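This report refers to the structure that appears directly beneath it.
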Amino acid sequence: MSSMLHPDNDQTINPSGNESIRDVMEQFTGRRNFMKGSLATATLATLGGFSMESLAGGYPGYAGSPAPSGSIGFTGVPANVVPMTDGITVPAGYTARVLIAWGDAIGKTGPDANTHWDPATEMTTARQLTTWGAHNDGMHLFPFPGNGAGNLANDRGLLVSNHEYVDPAQFVNITTPYTGITMTKAMVDAQVAGHGVSVVEVRKVNGEMKVQRPSAFARRITGATPCKLSGPAAGHALVKTAADPSGTTVLGTLNNCANGYTPWGTYLTCEENFNGYFGSTTAKLAAQPLTAHENRYGLAAVGFGYRWHEADARFDFRDTPNEANRFGWVVEIDPWNPNSVPVKRTALGRFKHESAETVVGADNKVAVYMGDDERNDYVYKFVCSKKLDTKNRAANRDLLDAGTLYVAKFNADGTGSWLPLVWGQNGLTPENGFADQGEVLIKTRQAADRLGATMMDRPEWITHHPVTREIYLTLTNNNRRGTTPASSNKADGTTVAASARPPVDAANPRRDNRYGHIIRWTENGNDVAATGFQWDIFVECGDKLNANAHLQGNIIGDDLGAPDGLWFDKDGRLWIQTDQVGNATGDFANIGGNAMFCADPASRRITRFLTSPKNCEVTGIASTPDGKTLFINIQHPGEDWSGSFTANSTWPDSGFNGPTTQSGKAVVKPRSATVVITKDDGGVIGS
């Protein structure tokens with residue numbers, strides 16, 4: 001997240017003028033009185049370092065998740081502090097080994113089924129189209145039918161993974177400044193191909209999970225793969241271009257970060273920092289300055305520095321002004337049909353999507369929970385108009401095209417409400433800049449501004465408890481929260497991005513929230529379609545050794561910061577992955593590099609399960625149905641290198657976590673990779 005190409009999402013920020021929960025709290029006395037009472041005193045004493053400045057947790061009557069049905073039986077690993085270990089460390093009795101890395105063949109049928117890329121060379125479009133994409137992120141395993149629980153296989157499945165972004169210099173194969181080269185369309189095309197999604201078939205061979213090559217299911221979906229626009233924004237004037245006058249076909253999906261999956265067997269990939277790929281020239285912007293809409297979504301002259309707009313007019317937002325509106329969606333992919341067309345489901349709204357968690361109610365109503373990964377942006381829920389058809393998969397094919405999109409408002413008394421983003425209601429009218437429902441969805445952020453939703457500290461991954469349906473959300477950080485001078489933003493979304501410094505509030509209770517927190521809620525009546533909920537803060541992350549009390553957090557167990565990936569296993573263990581600079585310096589000198597933790601949602605105790613290589617992110621998690629094989633992604637090891645690609649890391653080709661396709665050769669580049677974790681005794685991971 002430290003790289004300019006993979007920002008902390010600090011560049012753009014919610015320009016709305018909505019009141020904070022702290023403002024609302026002044027209208028209530030119940031919460032303040034509770035914090036002054038004997039229970040609050042006992043809580044503060046128990047948690048240590050949990051000051052009155054922090055208002056996390058403790059709402060009377062909030063019923064949290066139960067303890068895991070299976071134990072958390074491993075002994076945690078120590079933090080990876082300086083001098084760092086450049087590899088994955090797991091507890092005694094576990095093994096972590098590399099499954100597939102950037103540039104490895106995905107097994108696409110044909111002559112290249114087993115042809116891996118040579119990292120010592122430039123990455124080309126042709127080679128990237130048959131190999132694992134760059135910077136893998138969210139993923140899911142779709143098991144084949146089998147003889148396991150639920151008639152699912154534990155030894156064969158389709159592993160589907162996102163590819164969020166690329167390191168352009170590694171693609172071009174130069175260690176001199178990328179800013180100094182002359183861009184070509186071929187360079188852009190190769191980098192575009194590094195994005196998107198990979199589908200591989202995995203099988204257990206001699207007790208070890210491996211990529212099946214060749215496989216009829218192997219597939220790459222990239223930033224140039226034709227995708228269909230569906231739902232209310234399809235065909236809208238704001239998504240039409242000269243190349244697509246119908247406004248229904250988009251080339252590709254970009255910045256594929258977190259993910260989701262549906263009960264009808266499809267994959268949901270989420271487009272996050274799409275704005276960074278677009279740019280324009282100083283002269284063009286002088287003639288036509290950035291609009292309020294472009295500012296609200298973070299478009300800028302140079303983007304994140306990819307420079308694609310210099311060689312491809314599609315990415316110049318003055319040459320092709322609507323192209324950026326065609327990104328920022330949730331994209332549905334059918335992994336079982338390699339010939340299927342990915343579909344951008346516009347009914348779910350347009351923003352920097354981080355996760356799309358599908359939850360089915362007891363009555364088969366379907367809701368999708370989503371976060372907008374920007375400081376001071378929002379949490380959303382989409383409720384489908386139709387119910388899940390459990391007997392006819394085809395009947396659910398367009399379930400995500402019709403329904404109601406809501407945005408969350410967290411009240412200071414521990415309750416919350418879902419505000420409908422429906423055209424013609426609550427100020428979402430033509431006089432306020434919304435001509436129809438399509439425009440409400442294309443301008444989802446501005447619509448949420450208008451409704452007075454709660455600005456949050458970077459909403460990222462969302463997961464739900466497998467039994468109770470309780471929702472958990474990571475709020476990664478926000479170093480502007482509660483800092484001075486406090487800003488006053490406009491509810492109409494016209495304030496220039498990156499200017500807000502909102503006050504603290506009950507749901508985001510710490511100023512300068514550099515370590516983040518995890519929030520959770522339960523829908524009223526446990527109904528996924530409810531318009532009200534009760535919420536609580538599960539944990540405030542931090543460093544117990546930090547001299548600043550408000551940065552110590554209230555973790556019971558092992559400290560962590562910048563929570564990102566989040567997932568419940570089948571037994572109710574909560575797994576937390578982190579995404580910070582990853583070099584165990586500065587604010588993370590004591591916490592160490594990025595890691596993965598296992599939490600008991602009842603006791604709130606958190607134990608470190610895994611530590612990662614240098615300068616990487618731990619992200620993406622999936623499991624076989626029996627819980628005995630776990631997949632995780634390691635993204636951008638060695639990021640922020642200088643002078644040499646391997647200046648910060650040589651993982652995975654160093655062999656620290658087993659052989660790779662480059663074993664026996666000199667390590668020339670660190671590579672993002674998927675890792676398989678098993679328990680040596682064949683047991684359930686975490687037990």
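Remember, it's a predicted structure, so these values are computed and weren't measured experimentally. For this chain, numbers begin at 1 and follow the sequence in order.
Put simply, the side chain of T444 never gets that close to the backbone of G349: no donor and acceptor are under 3.5 Å apart. Without hydrogens or angle criteria, T454 side chain to F410 main chain gives a donor-acceptor distance under 3.5 Å. In terms of modelled atom types and a separation under 3.5 Å, the side chain of N477 and the main chain of N513 share no donor-acceptor contact. A donor-acceptor pair under 3.5 Å is formed between the side chain of S355 and the backbone N or O of I462. A distance-only check finds no donor-acceptor pair linking the side chain of Q580 to the backbone of D587 [under 3.5 Å]. Judged by distance alone, with hydrogens and angles left aside, the side-chain atoms of S612 form no donor-acceptor pair with the main-chain N or O of A595 at under 3.5 Å.
At a cut-off of 3.5 Å, with distance as the only test, no side-chain donor of H636 or S672 sits close to an acceptor on the other residue. Side-chain contact of T619 with D137: a donor-acceptor pair under 3.5 Å is present, judged by distance alone. For the residue pair T269 and N162, a side-chain donor N or O sits within less than 3.5 Å of a side-chain acceptor on the partner. Residues E470 and H464 bring no donor and acceptor atom of their side chains to less than 3.5 Å of each other. Side-chain atoms of H293 and N325 include a donor-acceptor pair closer than 3.5 Å. Defined by atom type and a distance below 3.5 Å, a donor-acceptor pair is missing between the side-chain atoms of H135 and Q635. When only modelled atom types and interatomic distance are considered, N255 and Y277 share a side-chain donor-acceptor pair under 3.5 Å.
To the nearest 0.5 Å, atom CZ of residue R375 and atom CG of residue D377 are 11.0 Å apart. Distance check, rounded to the nearest 0.5 Å: CD1 of I471 to CZ of R520 gives 12.5 Å. One finds the CG atom of L405 at 7.5 Å from the OH atom of Y380 (value rounded to the nearest 0.5 Å). Rounded to the nearest 0.5 angstrom, D372 CG and M455 CE are separated by 13.0 Å. The CG atom of N275 sits 11.0 Å away from the CG atom of L254 when rounded to the nearest 0.5 Å. How far CH2 of W535 is from CG of N411: 9.0 Å, rounded to the nearest 0.5 Å.
For R350 and Y297, the positive end sits near the middle of the six-membered ring, less than 6.0 Å away and at most 45° from its axis.
Salt-bridge annotation for D457 and R510: absent, with no side-chain N of the basic residue lying under 4.0 Å from a carboxylate O of the acidic one. Between K352 and E271, none of the side-chain N atoms (NZ, or NE/NH1/NH2) sits under 4.0 Å from a carboxylate O, so this pair counts as no salt bridge. Ion pairing of E374 with R445 is present here, as a side-chain N (NZ or NE/NH1/NH2) and a carboxylate O approach within less than 4.0 Å. With respect to the salt-bridge test (charged N to carboxylate O, under 4.0 angstrom), the residues E294 and R318 qualify. For the pair K544 and D559, the salt-bridge criterion is met [side-chain N within less than 4.0 Å of a carboxylate O]. At a threshold of 4.0 Å, the pair E460-R458 counts as salt-bridged, since one of the basic side-chain nitrogens sits closer than that to a carboxylate oxygen.
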Checklist entry - Does the side-chain contact (heavy atoms from CB on, under 4.5 Å) test come out yes or no for L574 and L566, once each step is laid out? => result CA-CA 7 Å; L574 179 65; L566 200 63; 3.8 Å; yes
Next on the checklist: Run M456 and V379 through side-chain contact (heavy atoms from CB on, under 4.5 Å) and show every step you take.
Outcome noted: CA-CA 8 Å; M456 306 295 285; V379 179; 4.0 Å; yes
Next on the checklist: Is there a side chain to side chain donor-acceptor pair (under 3.5 Å) between N590 and D543? Walk through the geometry before answering.
Outcome noted: CA-CA 7 Å; N590 299 318; D543 174 9; 2.8 Å; yes
Checklist entry - What do the steps show when you test V539 against H517 for side-chain contact (heavy atoms from CB on, under 4.5 Å), and what is the final call? => result CA-CA 6 Å; V539 67; H517 57 290; 5.8 Å; no
Checklist entry - So T476 and D564, side chain to side chain donor-acceptor pair (under 3.5 Å) or not? Walk me through it. => result CA-CA 6 Å; T476 295; D564 191 348; 4.7 Å; no
Checklist entry - Given Y178 and D167, is the side chain to side chain donor-acceptor pair (under 3.5 Å) satisfied, shown in steps? => result CA-CA 10 Å; Y178 179 73; D167 182 332; over 6 Å; no
Next on the checklist: Between E523 and W418, is the side chain to side chain donor-acceptor pair (under 3.5 Å) condition met? List the steps.
Outcome noted: CA-CA 10 Å; E523 301 283 11; W418 292 107; 3.1 Å; yes
Next on the checklist: Test side-chain contact (heavy atoms from CB on, under 4.5 Å) on Y62 and T522; report intermediate values, then the result.
Outcome noted: CA-CA 9 Å; Y62 184 87; T522 300; 3.5 Å; yes
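Annotation: side chain of P613 is in contact with side chain of I634 (closest heavy-atom distance under 4.5 Å). Residues E439 and L238 form a side-chain contact, since some pair of their non-hydrogen atoms from C-beta on lies under 4.5 Å apart. Inter-residue side-chain proximity for P502 and R481 is flagged as met; some heavy-atom pair is nearer than 4.5 Å. In this structure, L551 and Y515 have side chains that are in contact, with non-hydrogen atoms separated by less than 4.5 Å. Side-chain contact between N648 and E639 is absent, with no heavy-atom pair separated by less than 4.5 Å. Here the side chains of N478 and N508 are not in contact, with every heavy-atom distance at 4.5 Å or above. I606 places a side-chain heavy atom less than 4.5 Å from the side chain of L560. In this structure, the side chains of I519 and F538 stay at 4.5 Å or more apart for every pair of heavy atoms.
The six-membered or imidazole ring of F315 lies away from that of Y306, with a centre-to-centre distance of 6.0 Å or more. Checked against the 6.0 Å centroid threshold, W521 and H465 do not count as a close aromatic pair. Under the 6.0 Å cut-off for aromatic ring centres, Y406 and F382 do not qualify, their centroids lying 6.0 Å or more apart. Taking the six-membered ring for Trp and the full ring otherwise, F568 and Y472 have centroids separated by under 6.0 Å.
Shown here for V81 and A584, the closest heavy-atom pair between the two residues is CA-CB, 4.0 Å. When all heavy atoms are compared, the tightest approach of F588 to G561 is CE2-CA, 3.8 Å. Taking each heavy atom of F533 and S417 in turn, the nearest pair found is CE2-N, 3.4 Å. Closest heavy-atom contact between W641 and A169: CZ2-CB, 3.7 Å. The two residues D316 and S280 come nearest to each other via the heavy atoms OD1-OG, 2.9 Å. Scanning both residues, L451 and P420, for their nearest heavy atoms gives CD2-O, 3.1 Å.
The side chain to side chain contact (heavy atoms under 4.5 Å, CB included) test applied to D512 returns N479, T483, R514, H550, not counting sequence neighbours. Considering only residues two or more places apart in sequence or on other chains, P430 meets the side chain to side chain contact (heavy atoms under 4.5 Å, CB included) condition with W423.
Using bins of under 30°, 30° to 60° and over 60° for the plane-to-plane angle, the ring pair W575/W567 lands in the tilted bin.
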